[in-house]
K.L.:
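Dropping the structure in here first, questions after.
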There are 2 protein chains.
Amino acid sequence: MSETPDGVFVGSDHDHGNCVSTALDSAAAVCQRRGVRLTPLRRQVLELVWQSHQPIGAYAVLDALQANRRDDAPDGRTSAVAPPTVYRALEFLLGQRLIHRIESLNAYIGCVHPGARHAALFLICNGCGSAAELESATLLTAIDNAAADAGFAIERVAVEVAGQCPDCQGAVDVA
Amino acid sequence: MSETPDGVFVGSDHDHGNCVSTALDSAAAVCQRRGVRLTPLRRQVLELVWQSHQPIGAYAVLDALQANRRDDAPDGRTSAVAPPTVYRALEFLLGQRLIHRIESLNAYIGCVHPGARHAALFLICNGCGSAAELESATLLTAIDNAAADAGFAIERVAVEVAGQCPDCQGAVDVA
DNA sequence: GGCATAATGCAATATTATAACATAACATAA
DNA sequence: TTATGTTATGTTATAATATTGCATTATGCC
Ligand SMILES: [Zn+2]
Ligand SMILES: [Zn+2]
Ligand SMILES: [Zn+2]
Ligand SMILES: [Zn+2]
């Protein structure tokens, strides 16, 4: 009776290269439209954030950036990438609504509605680390109503639900 | 038309001593019932977390603990309190559901339903730093439904809404 | 008291994030 | 085209948050 049509969690089989290229293309379009610059660094960071459907920490991005530069350098000689470099790029991407920050993990994940102002619900698997971004009109209405009742003016909303995704529950069942 | 009967945000006038003593008494009862120990340290940390209705960081608790000890010491000579001391006490209090962690602030706040297993919604004021803990059946149902649709087994829920409380909106309006 | 367990003390270190200032890249107008 | 202002990045240092590992002390039970 339970249905997971395509599943909000992507399978291990899906064409992830497509996820990445779509995200990069959308980001370029959004930035173009807004007259802001998706510089090579920012684009690289966005690509790294999209390297999987698992939220990635700033320092993991930093390490990956570093590795990329070593690969690109003619002889492997490169200066180290420093934290502010990464944090500034992440801040830019957050500001343009191209990524989300997962507060409970101090980590970042690509946004599936790039550029759109919206409040999302995240399902975060404690088993495999994957996260799925959902929208629920009912949920947002409930939050709006609760805030309105309290006379509270909403600025930002974070809804983060941790647990086990369908695959990881299956793995446990088998054991 | 908008109503804030007593207001989910406590006023500056309320009897906060009562908040604290109620919280400490409830905590003692909960721990008694469960056969776990609300040691002097844990009790002190709980009291510090309840010192205001603003989420407090672990290191602020640490500093306050330190100050308390200096006051209590006969001559002011005391050893420093180390981070693990505070984090362990906070972990205990979280485990007993006597406090909540606000993920978006890396901070902690007293629970208004001590000991009860529940998912709360927090309204967090960016103006004054106060936070209000609410329950919304509609909201929790919406989250449960979204998770169920995805075949996701919930373990923990964090709903954190940042914005401006009624008082802080007023302050802006006046300006 | 002797023993097991739980709690705390303590030192070191890991992880996450920001401040402050210098340089480089880019745009545009004299 | 150089001058100039602006935005982006580099660089160094440090702040803020959190954990690991082991030693010591307190507590409860026999
Ligand atoms: Zn993908
Ligand atoms: Zn999973
Ligand atoms: Zn109070
Ligand atoms: Zn306020």
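All heavy atoms count here, side chains included; hydrogens, waters and symmetry mates do not. Each chain gets a letter, A, B and so on, in the order its sequence line appears, and its residues count up from 1.
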K.L.:
Could a donor-acceptor pair under 3.5 angstrom be found where the side chain of B:Arg37 meets the base of D:dG28?
P.N.:
no

K.L.:
With respect to the side chain of B:Ala82, which nucleotide from D:dA18, C:dA20, C:dC10 is positioned closest?
P.N.:
C:dC10

K.L.:
Closer than 4.0 Å, any side-chain N/O of A:Thr39 to the OP1 or OP2 of D:dT9?
P.N.:
yes

K.L.:
Start at the 5' end of DNA chain D and walk down; is the nucleotide closest to B:Tyr87 or to A:Arg42 reached first?
P.N.:
A:Arg42

K.L.:
Just how far, in rounded Å, is C1' of C:dT18 from CZ of A:Phe92?
P.N.:
20 Å

K.L.:
Using only atom types and a distance under 3.5 Å, with no angle test, would you say the side chain of A:Arg101 pairs donor to acceptor with the backbone of A:Leu94?
P.N.:
no

K.L.:
How is B:Arg101 classified with respect to the nucleic acid when contacts are heavy atoms under 4.0 Å: base, sugar-phosphate, or nothing?
P.N.:
sugar-phosphate

K.L.:
Rounding to an integer number of Å, can you tell me how far A:Asp63 CG sits from C:dA14 P?
P.N.:
14 Å

K.L.:
Taking ring-ring contact (aromatic ring centres under 6.0 Å, His included) as the definition, give me every residue that meets it alongside A:His113, ordered by chain and number, with sequence neighbours left out.
P.N.:
A:His118

K.L.:
Taking everything shown except B:Glu135 itself, do over 12 heavy atoms lie less than 6.0 Å from its CD?
P.N.:
yes

K.L.:
I'd like to know whether CD of A:Glu155 has more than 12 heavy-atom contacts from other residues, nucleotides or ligands below 6.0 angstrom.
P.N.:
yes

K.L.:
Give one of base, sugar-phosphate or nothing for A:Thr85, where a contact means two heavy atoms less than 4.0 Å apart.
P.N.:
base

K.L.:
May I have the distance from B:Ile102 (atom CD1) to D:dT17 (atom P), rounded to whole angstrom?
P.N.:
15 Å

K.L.:
Which nucleotide wins on minimum distance to the side chain of B:Pro83, given the candidates C:dA17, C:dA19, D:dA18?
P.N.:
D:dA18

K.L.:
Select from B:Val81 and B:Asn106 the residue whose nearest nucleotide in DNA chain C is closer to the 5' end of that strand.
P.N.:
B:Val81

K.L.:
In whole angstrom, what separates B:Gln96's CD from C:dA6's P?
P.N.:
14 Å

K.L.:
State which of C:dC10, D:dG10, D:dA18 makes the closest approach to the side chain of B:Tyr108.
P.N.:
D:dA18

K.L.:
Hey, is A:Tyr59 doing a stacking thing with C:dT16, by the 5.5 Å centroid and 30° angle criteria?
P.N.:
yes

K.L.:
In this structure, how many angstroms lie between the C1' atom of D:dT19 and the CG atom of B:Leu62, rounded?
P.N.:
14 Å

K.L.:
Just how far, in rounded Å, is P of C:dA19 from CZ of A:Arg88?
P.N.:
11 Å

K.L.:
Considering every strand shown, what is the Watson-Crick or G-U wobble mate of C:dT28 when both distances are under 3.5 Å?
P.N.:
D:dA3

K.L.:
I'd like to know whether CZ of B:Arg156 has more than 12 heavy-atom contacts from other residues, nucleotides or ligands below 6.0 angstrom.
P.N.:
no

K.L.:
Could you tell me the separation between the CD atom of B:Glu91 and the P atom of D:dT19, rounded to a whole number of Å?
P.N.:
8 Å

K.L.:
Report the distance from atom CD1 of A:Ile56 to atom P of C:dT15, rounded to the nearest whole Å.
P.N.:
15 Å

